[in-house]
Each structure stands twice: as structure tokens, then as C-alpha cells.
A.B. asks: 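This is the structure I want to talk about, given as C-alpha cells.
The analysis underlying the following values was restricted to heavy atoms, covering all of them including side chains, and did not include hydrogens, waters or symmetry mates. Just so it is clear, the structure is predicted and the values come from calculations on it, not from any experiment.
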Amino acid sequence: MKKIFFLAIAALAMTFASCGNKAKAPEAEVADTVAVIDAAAEAEATINALAENLESKDVNAFQSALESIKAKVAEFLANNPAIAQEYLAKVQGFLKENADKIKAFVGTNAAVSSLIDGISAIPSETVEKLTGATEALKALGIDAASFAGNAVEGAKDAVEGAKDAVEGAVENAKDAAANAVENAKDAAVDKANAAVEDAKAKTGAAIDKAASDAKKKLGL
């Protein structure tokens with residue numbers, strides 16, 4: 001009986017834990033999917049703007065688009081380096097494919113040339129190379145040290161979240177165990193009370209029958 005009881009508690013604990021994981025997994029998947037879509041959409045919008053400026057030969061607008069790329073890379077790095085890597089790789093691809101046109105278009109504009117060189121110089125092959133390119137990022141005025149701090153804080157939050165999840169599962173298991181014990185006690189008490197009442201009823205019936213038989217024998 002004890003074995004069955006403890007197995008039931010273990011099963012309940014596993015159920016609570018699995019439910020918690022199932023509840024969180026879809027949220028994480030949705031967040032990642034949205035981030036990927038945002039990065040792709042941002043990259044496409046940026047590339048379209050660069051292409052339009054290149055076609056219209058608007059150097060000032062082209063420079064503004066490059067400045068927005070720098071800001072967007074910094075934003076993505078602060079929140080999700082993998083998304084920054086994808087975004088930057090797409091933009092760099094456009095700059096590389098159109099290098100000759102851009103060079104002829106920009107001419108001797110040092111500010112624009114510096115932005116193009118700076119953005120193109122950031123390694124985007126992998127997330128590790130991107131986040132480790134402190135000098136290349138610094139050349140664009142992007143503080144890579146802050147991203148490391150954010151990564152540490154993110155790791156701390158992840159650890160705290162895991163700790164809370166474990167503590168929650170333990171508390172749920174404790175509550176389930178306590179409820180199971182109380183339910184078992186209540187069931188035992190109810191069964192005992194029912195047995196007492198049944199015994200009383202049977203005893204009363206036996207007494208009544210004995211009295212009736214005695215009366216009959218006495219002719220009463």
C-alpha cells in the first residue's frame with residue numbers, strides 16, 4: 001500500500017513538472033520566431049532603402065540608412081546576438097554585391113566611406129565572432145562591453161528562472177503529497193465511521209430480534 005502511495009506522489013510531481021515545461025516551451029518558440037521574422041523584415045527594409053538611395057544617388061539618405069544599420073546592430077546585439085548576426089550578414093551581403101556601384105556613387109565622401117568600411121569589417125560568420133569583435137564594433141561607436149554585461153544579466157535571469165521553476169515543482173509535489181495524505185485520512189475516517197454505524201445497526205437489529213423471540217416464547 002505504501003509503495004502505491006509513494007508511486008502516486010511521484011507521478012503527480014512528474015505531471016506538474018511536465019505541465020510547466022509544456023506551458024513555457026510554446027512561449028519561447030513564439031518569441032524566437034517573432035525575433036527571426038523581425039530581423040528578416042528589418043534587413044529587407046534596410047536593403048530596400050539602400051537600393052533606393054543608391055538608385056536616386058541621394059548620398060545624405062544613404063548615409064542616414066547606414067547610421068540606422070549601426071543603431072539596429074547595436075539594438076539586436078543588446079537583446080539577441082543571433083538576430084544581430086543574421087541581420088548584419090544580410091546587409092553586408094548587399095554592400096558586397098554592390099561594392100563597385102557604391103564606390104562610384106559615394107566618391108570622396110569620407111563619412112559615408114567610413115561607415116561602409118566599419119559595417120563591412122564586422123565579422124558576421126558566427127555569433128561568437130560578432131560578439132568578440134570589440135575593436136570593429138568600437139570603431140563604429142558601439143560599446144561591445146555593455147553586451148557582455150547584458151549577457152551576464154541574461155544568464156542570471158535564466159538561472160533564477162530555473163531555480164524558481166524547480167522550487168515551484170517541489171512545492172507542487174509537497175502540496176500534492178499533503179493533499180493525498182489528507183484524502184487518505186478522510187477516507188479511513190469515513191470508512192471507520194461507516195463500520196461503526198453498520199455495527200450499531202446490526203447490534204440494534206440483533207437486540208430487537210432477541211427481544212421479539214423471548215416475547216414469543218413467553219406467549220406475550
Side-chain angles (χ1 to χ4, degrees), residues 24-163:
K24 292 178 182 178
E27 293 177 6
E29 289 173 4
V30 169
D32 289 343
T33 301
V34 170
V36 170
I37 292 172
D38 286 348
E42 287 285 355
E44 184 178 356
T46 299
I47 289 169
N48 288 339
L50 290 173
E52 288 175 8
N53 302 150
L54 182 60
E55 200 63 37
S56 63
K57 306 246 187 310
D58 190 337
V59 177
N60 291 329
F62 195 82
Q63 182 175 351
S64 296
L66 292 172
E67 291 287 354
S68 71
I69 291 169
K70 184 173 73 172
K72 189 57 66 176
V73 169
E75 178 189 333
F76 282 143
L77 272 172
N79 294 290
N80 191 331
I83 301 304
Q85 186 262 339
E86 180 184 353
Y87 172 82
L88 184 60
K90 289 180 182 295
V91 171
Q92 287 177 333
F94 172 84
L95 294 176
K96 184 177 180 180
E97 289 170 8
N98 297 275
D100 292 338
K101 283 185 181 180
I102 292 172
K103 187 176 180 180
F105 158 57
V106 172
T108 58
N109 192 312
V112 177
S113 295
S114 178
L115 280 170
I116 293 171
D117 291 342
I119 292 169
S120 300
I122 303 172
S124 61
E125 296 87 355
T126 64
V127 173
E128 290 74 17
K129 284 188 178 182
L130 172 58
T131 52
T134 53
E135 292 302 318
L137 293 168
K138 189 176 180 181
L140 283 173
I142 299 174
D143 182 13
S146 65
F147 307 142
N150 288 337
V152 170
E153 289 301 317
K156 286 181 181 177
D157 291 341
V159 170
E160 289 299 320
K163 181 181 176 184

A.B. asks: Not counting sequence neighbours, list each pair that qualifies as a side chain to side chain donor-acceptor pair (under 3.5 Å) and has a residue in residues 119-128.
C.D. replies: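 Matches after skipping sequence neighbours: Gln92-Ser124.
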A.B. asks: Ile69 pairs by side chain to side chain contact (heavy atoms under 4.5 Å, CB included) with which of Leu115, Leu140, Ile116, Leu50?
C.D. replies: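 With Ile69 as partner, side chain to side chain contact (heavy atoms under 4.5 Å, CB included) holds for just one option, Leu50.
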A.B. asks: If you take all heavy atoms of Pro81 and Val127, which pair is closest and at what distance?
C.D. replies: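 Pro81 and Val127 have their closest heavy atoms at CB-CG1, 3.7 Å.
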A.B. asks: When you measure from the side chain of Ser113 to the backbone of Ala110, do you find a donor-acceptor pair of N or O atoms at a distance under 3.5 Å?
C.D. replies: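 Flag not set: sc Ser113 to bb Ala110 has no pair under 3.5 Å.
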A.B. asks: What ring pair (Phe, Tyr, Trp, His ring centres under 6.0 Å) pairs are there with at least one residue in residues 115-142, not counting sequence neighbours?
C.D. replies: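 Passing the test, one end in residues 115-142: no pairs.
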A.B. asks: Would you list the pairs meeting salt bridge (charged side-chain N to carboxylate O under 4.0 Å, His left out) in which at least one residue belongs to residues 91-120, sequence neighbours left out?
C.D. replies: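 Every pair satisfying salt bridge (charged side-chain N to carboxylate O under 4.0 Å, His left out) with a residue in residues 91-120: there are none.
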A.B. asks: Could you list the residues that satisfy side chain to side chain contact (heavy atoms under 4.5 Å, CB included) with Ala111, not counting sequence neighbours?
C.D. replies: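 Listed in chain order: Gln63, Asn109.
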A.B. asks: What are the two closest heavy atoms between Ala65 and Ser68, and how far apart are they?
C.D. replies: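 The pair with the smallest heavy-atom distance is O-OG, 2.6 Å.
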A.B. asks: What are the two closest heavy atoms between Thr131 and Thr134, and how far apart are they?
C.D. replies: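 Heavy atoms only, the tightest pair is O-CG2, 4.5 Å.
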A.B. asks: Donor-acceptor check, side chain of Asn48 to backbone of Glu44, threshold 3.5 angstrom: yes or no?
C.D. replies: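 At least one qualifying donor-acceptor pair exists.
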A.B. asks: Take Val91 and Val73 through the test side chain to side chain contact (heavy atoms under 4.5 Å, CB included) and record every step on the way to the result.
C.D. replies: CA-CA 10 Å; Val91 171; Val73 169; over 6 Å; no
A.B. asks: Can you name the residues that form a side chain to side chain contact (heavy atoms under 4.5 Å, CB included) with Ala71, not counting sequence neighbours?
C.D. replies: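 Scan of Ala71 (side chain to side chain contact (heavy atoms under 4.5 Å, CB included), adjacent residues dropped) gives none.
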A.B. asks: Enumerate the residue pairs fulfilling ring pair (Phe, Tyr, Trp, His ring centres under 6.0 Å) with a member in residues 44-73, sequence neighbours excluded, ordered by first and then second residue.
C.D. replies: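 For residues 44-73: Phe62-Phe105.
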A.B. asks: At what distance, to the nearest 0.5 angstrom, does CG of Leu137 lie from CD1 of Ile122?
C.D. replies: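 That separation rounds to 5.0 Å.
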A.B. asks: Please list all pairs meeting salt bridge (charged side-chain N to carboxylate O under 4.0 Å, His left out) that have one or both residues in residues 55-72, counting only residues at least two apart or in different chains.
C.D. replies: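 Only Glu42-Lys72, Glu67-Lys70, Lys72-Glu75 qualify under salt bridge (charged side-chain N to carboxylate O under 4.0 Å, His left out).
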